Amino acid sequence: VVTISPGINREVNGLFDHVRDAGTTLTQTSARLQYPFTSWMQLSVEMPVTFLDPESGSGRTNAGDLIVGGQVNLWTARVWPAQVDAGIEVTLPTGSPEVLAGSTAVRSFVAAGTKLGPVDLIGNISYFWGIDGRVADTQLFQPSVAAAYPLRWIAPFAELVVLKPVRGDGDG
């Protein structure tokens, strides 16, 4: 799931991302801990482990870059279930450049969610600034939306993510 969800709550998440291009397979799994300090603010820490498997050569496994974030509740509707949050995440270069890590970056975001009948709808807009390392001078704009239909203990969902490079290798 790429979409950032609104809501100030205590959570432990396991995340999994798998990307394959012409010559490389990159798999990243991470653990994320969110902890609310007040009813309107939470902090989060995410630590990924990255598996890089290039077609030409041996695979590498290493820690990814630590992500520390904060999120605040901007608005909660009183009449129906809806919420808008804003936040910022800082990527710290704790990982190895051998597994496409070792970068410093900042991402700001606004996330919103509501319930439309039985369907849960979540969306966000984020902007990413690469400061140092492999992502230096990269800027990305990313809107995303996810819709879920909750069943008993699971909510199957569909997610649409658009990643628009604003500045970087090809300068947009």
Side-chain angles (χ1 to χ4, degrees), residues 1-19 26-52 61-96 99-131 135 140-163:
V1 178
V2 175
T3 304
I4 300 166
S5 61
I8 306 302
N9 48 31
R10 184 176 306 161
E11 286 185 8
V12 175
N13 296 314
L15 307 166
F16 180 80
D17 192 15
H18 183 76
V19 178
L26 177 69
T27 305
Q28 182 170 297
T29 182
S30 39
R32 180 181 179 100
L33 172 65
Q34 293 179 183
Y35 186 80
F37 281 91
T38 67
S39 62
W40 57 272
M41 181 180 80
Q42 76 182 14
L43 294 179
S44 64
V45 176
E46 180 179 338
M47 186 64 211
V49 175
T50 304
F51 308 94
L52 181 66
T61 301
N62 208 328
D65 292 334
L66 181 69
I67 301 170
V68 178
Q71 186 170 331
V72 296
N73 180 315
L74 296 179
W75 177 76
T76 302
R78 296 183 193 275
V79 180
W80 74 94
Q83 184 170 340
V84 177
D85 292 356
I88 191 164
E89 293 179 341
V90 177
T91 302
L92 302 172
T94 57
S96 169
V99 291
L100 304 178
S103 298
T104 304
V106 175
R107 178 168 79 151
S108 61
F109 62 88
V110 174
T114 190
K115 193 163 192 61
L116 299 173
V119 176
D120 293 334
L121 188 62
I122 298 172
N124 70 55
I125 296 174
S126 67
Y127 200 89
F128 173 92
W129 291 274
I131 298 170
V135 298
L140 303 170
F141 174 71
Q142 180 178 323
S144 62
V145 64
Y149 189 85
L151 301 173
R152 284 186 175 207
W153 296 346
I154 191 166
F157 68 94
E159 180 178 35
L160 175 65
V161 179
V162 177
L163 186 60

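This structure is a prediction, so every number in the text was calculated from the model and none was measured.
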Enter the distance from M47:CE to L66:CG here, rounded to the nearest 0.5 Å.
6.0 Å
Gap separating the CG atom of L43 from the CG atom of L33, nearest 0.5 angstrom:
10.0 Å
Please check if the side chain of S144 supplies one atom and the backbone of V162 the other of a donor-acceptor pair under 3.5 Å.
no
Has the side chain of T61 got a donor or acceptor atom that lies under 3.5 Å from a matching backbone atom of L52?
no
Walk me through whether I67 and T91 qualify under side-chain contact (heavy atoms from CB on, under 4.5 Å).
CA-CA 4 Å; I67 301 170; T91 302; 4.0 Å; yes
Can you sort out the partners of T76 under side chain to side chain donor-acceptor pair (under 3.5 Å), two or more places apart, ordered by chain and number?
N73
Would you check if Q34 and N13 make a side-chain contact, meaning some heavy-atom pair closer than 4.5 Å?
yes
Rounded distance [0.5 Å steps], CG in L163 versus CD in Q142
5.5 Å
For the residue pair Q71 and P6, what are the closest heavy atoms and their distance?
NE2-CA, 3.7 Å
Neighbour count >12 (heavy atoms, 6.0 Å) for atom OH, Y149:
no
I'd like to know if the side chain of D120 reaches the main chain of A148, judged simply by a donor and an acceptor atom lying under 3.5 Å from each other, with no hydrogens or angles considered.
no
Can you classify the ring geometry of Y35 versus F37 as parallel (below 30°), tilted (30 to 60°) or perpendicular (above 60°)?
perpendicular
Considering non-hydrogen atoms only, spot the tightest contact between T104 and V135 and give its length.
O-CG2, 3.9 Å
Taking all non-hydrogen atoms of both residues, which atom of W75 and which atom of A77 are closest, and how far apart?
CH2-CB, 3.6 Å
Within 6.0 Å of CZ in F141, more than 12 heavy atoms from elsewhere:
yes
Separation between CH2 (W40) and CG (L74), nearest 0.5 Å, reads 10.5 Å
State whether the side chain of Q42 and the backbone N or O of N9 hold a donor-acceptor pair below 3.5 Å, judged by distance alone.
yes
Taking NZ, NE, NH1 and NH2 as the nitrogens, is one of them in R32 or E89 under 4.0 Å from a carboxylate oxygen of the other?
yes
For F109 against G70, the heavy-atom pair lying closest together:
CZ-O, 4.2 Å
So, taking the atom named CG in L121 and the one named CG in L116, what distance separates them when rounded to the nearest 0.5 Å?
5.5 Å
Which atoms form the tightest heavy-atom contact between S30 and P48, and what is the distance?
CB-CA, 3.4 Å
So how far is it from S96 OG to D65 CG, rounded to the nearest 0.5 Å?
9.5 Å
Could you tell me which non-hydrogen atom of V119 sits nearest to which non-hydrogen atom of A147, and how far apart they are?
CG1-CB, 4.2 Å
